[in-house]
Number of protein chains: 2
Amino acid sequence: MKNKILNFNVSTVNNEFYIRKESVKQPIYFRTQQLSNKVKECEQLILNFYNCSDGRVIFLCGTGTLGMESLIDNLISSNKNVIVINGGTFGKRWVDLCKTHKIDVYNYKSGFGKNIDLKKLEKILSTLKPEFLLMQHVETSSGQLYDVESVGKLCKKYKTKIILDSMTGFLIHETLMDKWNIYASVTSSHKGLCLYPGISIVVLSKNALKKSYNSKSMYNNFTYYLNSYDAMYFPFTTNLVVINQMYLKLKYLNKIGINKHMEKIKKLAEYFRYNIKSLPLKLAAETPSVCCSVLYTEKTDIMSFFDKMCEKNIYFTPTGGKNGKIFSVGHLGNLKCKDYNIFINEIKKWVKS
Amino acid sequence: MKNKILNFNVSTVNNEFYIRKESVKQPIYFRTQQLSNKVKECEQLILNFYNCSDGRVIFLCGTGTLGMESLIDNLISSNKNVIVINGGTFGKRWVDLCKTHKIDVYNYKSGFGKNIDLKKLEKILSTLKPEFLLMQHVETSSGQLYDVESVGKLCKKYKTKIILDSMTGFLIHETLMDKWNIYASVTSSHKGLCLYPGISIVVLSKNALKKSYNSKSMYNNFTYYLNSYDAMYFPFTTNLVVINQMYLKLKYLNKIGINKHMEKIKKLAEYFRYNIKSLPLKLAAETPSVCCSVLYTEKTDIMSFFDKMCEKNIYFTPTGGKNGKIFSVGHLGNLKCKDYNIFINEIKKWVKS
């Protein structure tokens, strides 16, 4: 018999049983007042948790990159002055998305796993005076947590609008859109919310709310999603299972408080890091997020270790690809210390082999 | 206590219990050989069922409109000569999508619920010589089933490439891409396949396979999805639950044969239509598909009937909107004659009230 499935990833996480169980229920027709009422409650709770008053939320049926792309497609026209803080795979994704949408960007390579040099950034901002700054809350590829609050202060000074990828930030670290001067943000159903993949959650501050958007697509066009609330809330069929899961999860988080939820993630990250301290592994990030531990190793056989673990139903992310010397161990989802013990033992055997 | 949920829709259908139950299982990390192997099998079965040899399938995480849009975005550049057969809401969606993508189209309004006038169409084709023809297999808003085979013959003569929306055609009516000269097609997980919404299935004939596509987006760009088969098959996180459901369903369909599956749908449509024969309701389509019965009524209170049915957990689609005199009753999914009896009784009470 195979072991219990253990997802130490941030792309697919272990879901609580009550969340998985919700998905077995027969979904109903989506253009109903029942669904619309649920979605309204979800929106309000997300805005509260994001510290985003008078904003709006758009639930796109798709995954993270769709949400990131929709922000560029709707909010930034090609003649705009844009800077990207690029510290890894997802910073590069902002750059590539802008390129795809024919937007020239100032590609500020902030260094893999490095804090942002705020003095250097201010110099660029004061010269460039960009209208938009794109960044990650957490660069998932390195696990680096950025000081968004300080970047927010700088951007306020230079009247730059921040578009924040908070995929692995929201409900993992405090995310304060109003306080930090965030124009718009995006997360996914399968990160801090710990649901199934399938819904990308776009959060627009009150400043980002317009009557029309310059989207070049139909499926992503915010205008269609921001009509007045009624039973027609969704312009297109959506992922009903994830919406139903989200409703349950948000109500639960509201009851226990999001701090308790975030503390649990932090504790798992600390437990894991403490217990691998003696191993020849090194965290890639200067300021590591608690969402995952991205680790350097001297081992060159990550992929065969990965395959071996898959056979045991243990999943982690070889972030460096086939010949990389870097891998990621996630701390999201329904995991316990004893689950980490199993994986830590395997890691120990591997690094010592 | 509420009744059992009965979805007489084609946007959300009643799912078999074994399909719903599959969704409760903990999904695993998506970049694994396990998932990749499943996806390969799914692709091959879909190509077989579509009669599309040497083609490829792209599984986009999203719903129908995303799939339709991706076909335009990738396959048609703005200087192309395009005709749309527009017989209702989804024909109009092709037109609107082309407009969004700055493609001029010849909007051939074929009439709501009407067969295509093939002589008239040939005249247009011979004059216009379009490179692409966009159409539906079934125009879901009227329930009209189109004679795609005959359109295919005409298009072959004039070297026009057909892009077919087979949302409510695939696995409901015979769909023969090779035989009918179809260039590319699209369906969704929650129609004939009867799974949860969340995956849009794009089918490319061997003629539509290229090394690069002219997509203006990243999430939709076919190039990223058509890399060689390996554990990295999905460029972005996808809807794992629907992929797992799809695998089960396709294997089952392959075992019983898709004809048996289609016969069941046909029988339900016939049963429903026979039993409402005496009522003052009229099918909107000249050649009605078996996917749904779209009905005209003289009643003006469809929306209050709809609300009343929602309270009883019975869902149908008021296709004409708030003041319409038209509604749709679906025949897809896990429904039985006795389920129709319940709804037919309600319809009888309503039309006689």
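Small disclaimer: the values here were computed from a predicted structure and weren't measured. Heavy-atom basis, side chains included; hydrogens, waters and symmetry copies ignored. Here is how names work: the chains are called A, B, and so on, in the same order as the sequence lines, proteins then strands, and each is numbered from 1.
Using a 4.5 Å cut-off between heavy atoms, A/F8 makes no contact with chain B at all. In this structure, the portion of B/N7 lying under 4.5 Å from any heavy atom of chain A is its side chain and not its backbone. Heavy-atom distances place the backbone of B/K25, and not its side chain, under 4.5 Å from chain A. Only the backbone of A/V13 comes within less than 4.5 Å of a heavy atom of chain B; no side-chain atom from C-beta onward does. For B/D73, no part lies near chain A; criterion is any non-hydrogen pair under 4.5 Å. Of the two parts of A/N9, only the side chain, counted from C-beta on, holds a non-hydrogen atom closer than 4.5 Å to a non-hydrogen atom of chain B.
In B/D104, the CG atom is not crowded: 12 or fewer heavy atoms of neighbouring residues, nucleotides or ligands sit closer than 6.0 Å. Within 6.0 Å of the NZ atom in A/K92, the count of heavy atoms belonging to other residues, nucleotides or ligands does not exceed 12.
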Full working for side chain to side chain contact (heavy atoms under 4.5 Å, CB included) between A/Y315 and B/Q34
CA-CA 12 Å; A/Y315 303 93; B/Q34 284 117 299; 2.9 Å; yes
For a side chain to side chain contact (heavy atoms under 4.5 Å, CB included) check, start with the C-alpha distance between B/L240 and A/T12, then their side-chain angles and the critical distance, and finish with the verdict.
CA-CA 9 Å; B/L240 299 160; A/T12 328; 3.5 Å; yes
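Residues A/T317 and B/Y29 form a side-chain contact, since some pair of their non-hydrogen atoms from C-beta on lies under 4.5 Å apart. Contact check for B/R93 versus A/M218: side-chain heavy atoms found under the 4.5 Å cut-off. Annotation: side chain of A/N239 is in contact with side chain of B/N239 (closest heavy-atom distance under 4.5 Å). For the pair A/Q26/B/R20, a side-chain contact is recorded, criterion being any heavy-atom separation below 4.5 Å from C-beta on. Using a 4.5 Å heavy-atom threshold, the side chains of B/P197 and A/T238 count as separate. B/F236 places none of its side-chain heavy atoms less than 4.5 Å from the side chain of A/L66. When side chains are defined from C-beta on, B/H190 counts as touching A/T237, because their heavy atoms get closer than 4.5 Å. Between A/Q33 and B/C310, every side-chain heavy-atom pair lies at or beyond the 4.5 Å cut-off.
For the set A/S215, A/S11, A/G198, A/S189, the count of heavy-atom pairs under 4.5 angstrom toward chain B peaks at A/S11. Each of A/S200, A/S23, A/S188, A/G62 has some count of heavy-atom pairs under 4.5 Å with chain B, and the biggest count is that of A/S23. The most heavy-atom pairs under 4.5 Å with chain A, out of B/N334, B/V24, B/D96, B/I72, come from B/V24. Chain A forms the most heavy-atom pairs under 4.5 Å with one residue out of B/L6, B/I28, B/I5, and that residue is B/I28. Of the listed residues A/I199, A/N220, A/L97, A/N221, the one with more heavy-atom pairs under 4.5 angstrom with chain B than any other is A/L97.
Residue A/T100 holds its OG1 atom at 15.0 Å from OH of B/Y219, rounded to the nearest 0.5 Å.
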